[in-house]
Amino acid sequence: MFVQRLDPDKLFDAYGIRVQMLYPWKDVVEPPFGAAWAVVAPGQQTKHHAHQEGETFFVASGRGVMRIGDESVEVKAGDVFYQPPFNRHVLENTSESEDLVFLTVWWEDLNLWAGRKEGAQAERPRRVMVTAAPPTPNGDLHIGHLSGPYLAGDIHTRYLRLRDVDAHYIFGSDDNQSYVKTNALRMGLTAPEGADRLAADIQATLRAARIELDEFVRPNASPCHVPIVQEFFRRLYDQGRLEAREEPSPWCETCERYLYEAYIRGRCPHCGSPSGGNCCEDCGRPNDCVDLVDAVCTQCGNPPAQRPFTRLWFPLSRYAGELREYWESVAMSPNLRSLCERVLAAGLPDLAVTHVTDWGIP
Ligand SMILES: [Zn+2]
Ligand SMILES: [Zn+2]
């Protein structure tokens, strides 16, 4: 007899909850569907997500609320929900003490997409610029970079061209980051030399992967980049969208240096993981460096003091309503959507958009 039991030891974290995959099943022919037990702890919810498969939830125990778009409905044992492909759904356990347990079954079938053709037939733009997050020239690209944004952008550009759209794929190297300078110094080079060498490596890797760009922008070699950035900041400042404020910042007494990005590390104030300055690579949330826990200067290893510095700030919270509306209207990966929701729920921070440094755009 083939039998599997809901087994706490087989549960693992996925989609913000705990799941136990039921297939592949040893010695059982693989079915044309996937299935898993899913356990939502009290007060928890599944990650906002959408996928190409159709899916059915069979609720076995507990209670909660299912939200799909603006609709929400109470959930209890015995309820069954069908999710069409690309339907954004969240199931929340509203109980304070009891797990919400459901069986999920999903399958892929082109018939499920019937009636979804309007999108593909919709009026298409004549001209499109495709871009991807600019790589930092403090190292060559690894397979994760390539298979993530850069290959995806290349595929999308080729697809648009096949549909007669005038598509241009453009990005460049993020030369003005502090990591470029600290890495160049480690290589015994000046910051511009380090940026040149690694940007050339990155371009060679992109070519080797046959990722074809219309333009790979080198900010400090371009006659347009620096004036455009300066004009952009000037306009935002004149419109009152950037604020000049004096705030305490980490300062290393030993190195006599303002610490940010590459010059400071500690633990993320949001998730507790080891983090560099200004952004946690683990949870993706920004920090202001002074709020890093157990911070040290990366050059000398000493804990920093604080000194007031005047910087330009972008008060992101002013735009919470517009951002929420925009995020609702665009397609995003489940991870990015969940990050946006977490940041929005925690209150959008004011972001320092200038730093006290000798490397960057003056
Ligand atoms: Zn973090
Ligand atoms: Zn130091």
Side-chain angles (χ1 to χ4, degrees), residues 12-17 41 43-49 133 136 138-139 142 144-145 148-149 174 177-191 194 247-309 311 313-314 316-317 320 323 327 332-360:
F12 63 92
D13 293 317
Y15 307 108
I17 57 170
Q44 300 291 301
Q45 61 175 41
T46 59
K47 239 187 204 178
H48 230 306
H49 68 293
T136 307
N138 66 337
H142 57 63
H145 294 128
D174 191 1
Q177 274 204 28
S178 56
Y179 292 97
V180 174
K181 180 168 179 182
T182 51
N183 182 70
L185 293 180
R186 264 198 300 276
M187 293 165 70
L189 302 171
T190 64
E247 298 273 356
S249 300
W251 169 264
C252 180
E253 300 278 8
T254 317
C255 307
E256 298 195 320
R257 184 198 290 280
Y258 163 96
L259 303 178
Y260 76 112
E261 288 181 357
Y263 296 103
I264 189 166
R265 67 182 147 74
R267 281 187 293 114
C268 170
H270 308 293
C271 73
S273 298
S275 169
N278 300 96
C279 186
C280 171
E281 292 219 336
D282 230 39
C283 71
R285 288 183 56 180
N287 61 66
D288 181 33
C289 302
V290 274
D291 50 3
L292 285 172
V293 181
D294 299 333
V296 290
C297 166
T298 53
Q299 309 291 297
C300 69
N302 291 325
Q306 288 188 12
R307 271 200 192 182
F309 283 97
R311 289 171 292 167
W313 292 79
F314 182 60
L316 201 56
S317 53
L323 277 173
W327 290 342
M332 284 194 238
S333 71
N335 276 341
L336 184 57
R337 187 166 298 281
S338 135
L339 172 64
C340 291
E341 279 171 6
R342 280 204 310 275
V343 177
L344 205 54
L348 292 170
D350 289 1
L351 297 175
V353 292
T354 56
H355 293 293
V356 183
T357 178
D358 58 359
W359 176 240

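Counting convention: from 1, in listed order, for ligands and their atoms alike. What you see below is based on every heavy atom in this structure, not just the backbone, and it leaves out hydrogens, waters and symmetry mates.
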Query - Gap separating the CD atom of Q299 from the CG atom of L259, nearest 0.5 angstrom - result: 8.5 Å
Query raised in the report: Quick one: ring pair (Phe, Tyr, Trp, His ring centres under 6.0 Å) pairs with a partner in residues 261-304, sequence neighbours left out?
Result: Y260-Y263
Query - From T298 atom OG1 to I264 atom CD1, the distance as rounded to the nearest 0.5 Å - result: 8.5 Å
Requested in this report: Calculate, to the nearest 0.5 Å, the distance between atoms CG and OG belonging to D282 and S275 respectively.
Outcome: 8.5 Å
Query raised in the report: Could you go step by step and tell me if R285 and V343 meet the side-chain contact (heavy atoms from CB on, under 4.5 Å) rule?
Result: CA-CA 7 Å; R285 288 183 56 180; V343 177; 3.8 Å; yes
Query raised in the report: When you look at N278 and H355, which way does the side-chain contact (heavy atoms from CB on, under 4.5 Å) test go after all the steps?
Result: CA-CA 11 Å; N278 300 96; H355 293 293; 3.5 Å; yes
Query - Around the Zn ion (ligand 2), number of protein N/O/S atoms which are nearer than 2.8 Å - result: 4
Query raised in the report: Can you count the protein N, O or S atoms that lie less than 2.8 Å from the Zn ion (ligand 1)?
Result: 4
Query - Pair K181-D358, side-chain contact (heavy atoms from CB on, under 4.5 Å): steps then yes or no - result: CA-CA 10 Å; K181 180 168 179 182; D358 58 359; 2.9 Å; yes
**Report entry** Partners meeting salt bridge (Lys or Arg N to Asp or Glu O under 4.0 Å) with D288 (sequence neighbours left out)
**Finding:** R311
Requested in this report: Report the C-alpha separation of T182 and N138 in whole Å, then their side-chain angles, then the decisive distance to 0.1 Å, and conclude whether the side-chain contact (heavy atoms from CB on, under 4.5 Å) test is met.
Outcome: CA-CA 8 Å; T182 51; N138 66 337; over 6 Å; no
